[in-house]
Amino acid sequence: MNATPSSPLRFTSTTGSERPRSDQDEPQVDATRRVPAAGERALVLGGGGSTGNAWLIGVIAGLFDAGLEVAEADLIIGTSAGATAAAQITSATPTELLAAILTAAPQPRTGQGESDARRVPVGPVADHLERTSRIIAAANDAADMRRRMGAAALEMAAGSDGSGQGRWRATVAARLPSQHWPDTKMFITAVDARTGEPVVFDRHSGVDLVDAVAASTASGLPWHIGDNRYIDGGYRRNENADLAAGYKRVLVLSPFGGRSRHPQEWGMQLATQVDELRARGSRVETIFPDSSSEHMFGAHAMDLSLRPAAARAGYNQGTALAEQLTELWR
């Protein structure tokens, strides 16, 4: 499951010189086929909801303050909350992004009145988990699961008046320091809601960065880009680290700790992705939330009140791990 990140970050930005987009535009989304992957360093940012986004920023800020600038990767792959983080770190410093999280106005806690940090999720998060768990249980394989997820999202959209599209786009845009694709090679993942086929956006796809991120974070209603509809990139794989094939050194940050809700034989787990990369000659290192902070992810990934704590936990891990990652990255 990839909950849609609900970051309270707000930035003022303009669309500038980005070309107008019409409903007749047909984006070229096969970025991995158009541009063969090859290079030195790839940074992979997995999904993980609002707390996952904060943790990712914290880890990257901790590494940055310790002298390791992982945002200077030759390729950055972002999925769901990781797509938001990828767009953020390529247009603002990790220090600025971390400060924005830590100084944001306090947010109410999900399920107010419950004191147990391991409480059962409530409201939309619980509904989402229950609904998607039924779809996963009914699916024959990963491709069938993606098709079913897309069909369910389209069915939900049929009962919607469509007014949420504009509001969500404004929300996503406000989280990004810049709405322009960076010069850095960046992949943003999503899934075609009608076919279940994975897609990858980059700056050559003819899709605005805001729309690419909105599509990658669409875990409920599908995201419209022209005549096409997209859902969360995590329905392919939560990290999509295998897209870094051909890169010599790969660093993977996974807020969900490499876990997957899918059957082992589907190959959705991060361990499978890492094996695939290593089989092709990549050196791979992973960073997961430590045991003292892992309760803030998964079922509680949309709890806005946990964002500062998640960011601090990530920062502490980043500073602690910088030295041992230096050989990999430099």
Side-chain angles (χ1 to χ4, degrees), residues 5 7-9 11 40-104 175-178 182-189 209 213 216-217 238-241 244 247 249-258 270 284-290 293-294 296-297 301 306-330:
S7 163
L9 292 175
F11 295 93
E40 283 291 331
R41 302 177 300 178
L43 175 65
V44 179
L45 305 178
S50 183
T51 56
N53 171 268
W55 179 81
L56 290 168
I57 295 301
V59 172
I60 295 167
L63 293 171
F64 178 81
D65 284 354
L68 212 57
E69 300 185 27
V70 295
E72 294 183 345
D74 301 298
L75 169 67
I76 299 177
I77 298 168
T79 297
S80 197
T84 305
Q88 290 170 329
I89 65 170
T90 52
S91 53
T93 69
T95 303
E96 292 170 331
L97 296 168
L98 178 64
I101 296 172
L102 297 181
T103 60
R175 294 173 180 161
L176 307 184
S178 169
D183 291 334
T184 301
K185 186 176 179 180
M186 182 167 69
F187 288 166
I188 301 295
T189 65
L209 177 60
V213 173
S216 189
T217 57
N238 188 57
E239 297 82 14
N240 291 301
Y247 283 76
R249 295 170 285 161
V250 182
L251 178 61
V252 184
L253 276 59
S254 174
F256 286 163
L270 177 58
V284 186
E285 297 290 346
T286 59
I287 302 179
F288 303 153
D290 60 27
S293 61
E294 60 184 6
M296 293 185 282
F297 308 96
L306 295 176
R307 278 180 57 79
R312 291 189 191 95
Y315 183 85
N316 291 337
Q317 284 188 261
T319 55
L321 292 171
E323 184 175 354
Q324 70 184 68
L325 291 172
T326 298
E327 181 189 356
L328 170 76
W329 204 251
R330 287 183 175 166

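Worth saying up front: this structure is predicted, and the values here are computed from it rather than measured.
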Exercise for review: Indicate the atoms forming the closest heavy-atom contact of I287 with V59, along with that distance.
Suggested key: CD1-CG1, 4.0 Å
Review point. If we only count heavy atoms from C-beta on, is the P289 to M296 side-chain gap below 4.5 Å?
Key: no
Check your understanding: For T84 and N53, does a side-chain donor sit closer than 3.5 Å to a side-chain acceptor?
Key -> no
Exercise for review: Check whether the side chains of S216 and S80 place a donor and an acceptor atom closer than 3.5 Å, and report yes or no.
Suggested key: no
Check your understanding: Given V252 and E285, is the side chain to side chain contact (heavy atoms under 4.5 Å, CB included) satisfied, shown in steps?
Key -> CA-CA 6 Å; V252 184; E285 297 290 346; over 6 Å; no
Review point. Side-chain donor-acceptor pair under 3.5 Å between E69 and W329, yes or no?
Key: no
Exercise for review: Show your working on side chain to side chain contact (heavy atoms under 4.5 Å, CB included) between L68 and R330 and close with a plain yes or no.
Suggested key: CA-CA 8 Å; L68 212 57; R330 287 183 175 166; 3.8 Å; yes
Exercise for review: State, yes or no, whether a side-chain contact exists between V284 and L251 at a heavy-atom distance under 4.5 Å.
Suggested key: no
**Study point:** Contact check, side chains of S254 and T286, non-hydrogen atoms, under 4.5 Å
**Key:** no
Point to revise | Trace of the side chain to side chain contact (heavy atoms under 4.5 Å, CB included) decision for K185 with D74 | key: CA-CA 6 Å; K185 186 176 179 180; D74 301 298; over 6 Å; no
Review point. Yes or no on side chain to side chain contact (heavy atoms under 4.5 Å, CB included) for M186 and T90, after CA distance, side-chain angles and deciding distance?
Key: CA-CA 9 Å; M186 182 167 69; T90 52; 4.3 Å; yes
Review point. Taking side chain as C-beta onward, heavy atoms only, is L43 less than 4.5 Å from I89?
Key: yes
Practice item. Indicate yes or no: at least one non-hydrogen side-chain atom of T184 is less than 4.5 angstrom from one of E72. Key: no
Check your understanding: So, do N238 and L270 sit near enough that their side-chain heavy atoms are less than 4.5 Å apart?
Key -> no
Practice item. Could you pull out the closest heavy-atom pair between I77 and E239, with the gap in Å? Key: CG2-O, 4.2 Å
Revision key, fill the gap. For P177 and A87 the tightest heavy-atom approach is CD-O, 4.5 Å
Practice item. Would you indicate whether the side-chain heavy atoms of L253 and W55 approach each other to under 4.5 Å? Key: yes
